[in-house]
Protein chains: 2
Amino acid sequence: MAAKKKQPVTTDHSTEEKIKRAAKKLFTQKGYAATKTRDIAAEAGINIALLNYYFRSKEKLFDIIMLEHLQSFVQAMSVVMNDNDTTLEQKIEAFVANYIDLLIHQPDIPLFILSELRQHPKELVAKLDIRKFLLNSSLFKQLGEAMQSGKITPMHPLHFIMNIAGLVVFPFVGSPILMNVGSLKQKEFEALMMERKKLIPVWVKAMMKAK
Amino acid sequence: MAAKKKQPVTTDHSTEEKIKRAAKKLFTQKGYAATKTRDIAAEAGINIALLNYYFRSKEKLFDIIMLEHLQSFVQAMSVVMNDNDTTLEQKIEAFVANYIDLLIHQPDIPLFILSELRQHPKELVAKLDIRKFLLNSSLFKQLGEAMQSGKITPMHPLHFIMNIAGLVVFPFVGSPILMNVGSLKQKEFEALMMERKKLIPVWVKAMMKAK
DNA sequence: GTCTATATACGGATAGAC
DNA sequence: GTCTATCCGTATATAGAC
């Protein structure tokens, strides 16, 4: 149960880390069921026995990967949401920029989380307890005040969340189709996403005042 | 190669249809790799031998299901996009309403398509050729004109597609998390989606004029 | 058409040598 | 810690009886 004292992360060439990186890559791209322990071992340049030696089972290894992904996602928003020195608009800008940066580097995360979580409701999600986290946030309070004062059109706060998440995350989830539809190369797609860092906050502002 | 002459669809109790329905349900919910032919057989109330008798292999069966899903998706938009008697705004309204209705009844389709398609780029997608389909559409022409005339802010048309798709589809893809965050029951979630049928067109209009 | 029984392969995990 | 060899359950697919 002793917590592991681990280093700067980036340059850890230990076998354990090699396996974890290989697992993260494959699980994230192909999902739990489609990823074989043999593939992970091959990708990591070791064999299955060693995988089980370090992580005991495929499922335990998977849980670790999933948890890490969830944390990086929650972390990206927690920093922003509870900054008491920023306005609602500034929070939206920071939020959008943070996630787009994150997703440009790791575009497979959302689809991975969403599809795996659907089938294994895992207590993990309950434990992270995004709900209370959100309700108590500075962002949420500011949103309520803005609606009260009539600065933005009153609506169910979930609409607000769905809108931002949809505008930010969906393009990455649908990138294969979108790149096909637009005949885009990877770099062109990323350029569009960079544009969205500026555009989405403007759009969201307009939406919230609409009607 | 003879095309099958098939009936009204809804009430087909043939063994072949029973298997297909079972397969559709399971593949859509759990994906290709996590779905076992045994499960499909059990769900259909038959055995594996019969499944292979009708469809030859798991993969062939899967391809049929995937194709049907893709077609229902393309169809839902083709009707709307090429109606020469409607304005751009009317098309957006119809488009949003059609998809939300479709997704309320079959909420698992998008996640299924998006995650399975990522790994098996299947020529299917290329064949449906959504691209040309879109570029030649009446909707696309109207969009171009509106930007030319300055009625809406010029932007890459893909932004427009991503925005609508994100606003409409994402809530369904993320529904498990969203329902948790908002402590919603299924019916409450659906009620929000019905609200969005009215709201999204208003929002989109505001977005397109922003900045 | 539909079933039971079975062939064959694959995947997760462990034993035990080094 | 790391490997090879292997066990054993599971999964797809087929053979062949009815």
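Bear in mind that the values here come from a model prediction, so they are computed numbers and not experimental data. Letters A, B, ... mirror the listed sequences (proteins, then strands); counts begin at 1.
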**Request:** Write down the distance between CZ (A:Phe62) and P (C:dA13), rounded to a whole number of angstrom.
**Result:** 14 Å
**Item:** All side-chain contact (heavy atoms from CB on, under 4.5 Å) counterparts of A:Ala165, not counting sequence neighbours
**Value:** B:Phe170
**Asked** side chain to side chain donor-acceptor pair (under 3.5 Å): which pairs involve residues 167-177 of chain B, sequence neighbours left out?
**Response** none
**Message:** How about NZ on A:Lys198, more than 12 heavy atoms from neighbouring residues, nucleotides or ligands closer than 6.0 Å, or not?
**Reply:** no
**Asked** A:Phe112: what forms a ring pair (Phe, Tyr, Trp, His ring centres under 6.0 Å) with it, not counting sequence neighbours?
**Response** A:Phe62, A:His69
**Message:** Heavy atoms within less than 4.0 Å of DNA chain C: which residues of residues 27-43 of chain B have one? Give them sorted by number.
**Reply:** none
**Request:** To the nearest Å, give me how far apart CD (A:Glu59) and P (C:dG11) are.
**Result:** 18 Å
**Asked** Listed by chain and number, what are the side-chain contact (heavy atoms from CB on, under 4.5 Å) partners of A:Ser57, not counting sequence neighbours?
**Response** A:Glu59, A:Lys60
**Message:** Using the ring pair (Phe, Tyr, Trp, His ring centres under 6.0 Å) criterion, which residues pair with A:Tyr99? Sequence neighbours excluded.
**Reply:** A:Phe73, A:Phe95
**Gap between atoms CZ and C1', on B:Phe55 and D:dT12 respectively (whole Å)** = 16 Å
**Asked** How long is the line joining NZ of B:Lys58 and P of D:dA13, in whole Å?
**Response** 8 Å
**Nucleotide C:dA13, atom P - distance to CG of A:Leu51 in whole Å** = 8 Å
**Message:** Just N and O in the side chain of B:Ser57: are any of them under 4.0 Å from OP1 or OP2 of D:dT12?
**Reply:** no
**Request:** Would you kindly give the OH-to-C1' distance between B:Tyr54 and D:dT12, to the nearest whole Å?
**Result:** 20 Å
**Request:** State which residues pass side-chain contact (heavy atoms from CB on, under 4.5 Å) with B:Ala97; sequence neighbours excluded, sorted by chain then number.
**Result:** B:Lys197
**Prompt:** Over how many whole Å does the gap from B:Asn47 atom CG to D:dA15 atom P extend?
**Reply:** 16 Å
**Request:** Decide, yes or no, whether a salt bridge links A:Glu43 with A:Arg21 under the criterion of side-chain N to carboxylate O below 4.0 Å.
**Result:** no
**Asked** Between A:Glu16 (CD) and D:dT2 (P), how many Å, whole number?
**Response** 10 Å
**Asked** Who passes side-chain contact (heavy atoms from CB on, under 4.5 Å) against A:Asn52, sequence neighbours left out?
**Response** A:Ile48
Output a table of nitrogen or oxygen pairs between the protein and nucleotides 14-18 of chain C separated by less than 3.5 Å.
from, atom 1, to, atom 2, distance (Å)
C:dT14, OP1, A:Arg56, NH2, 3.2
C:dT14, OP2, A:Arg56, NH1, 3.4

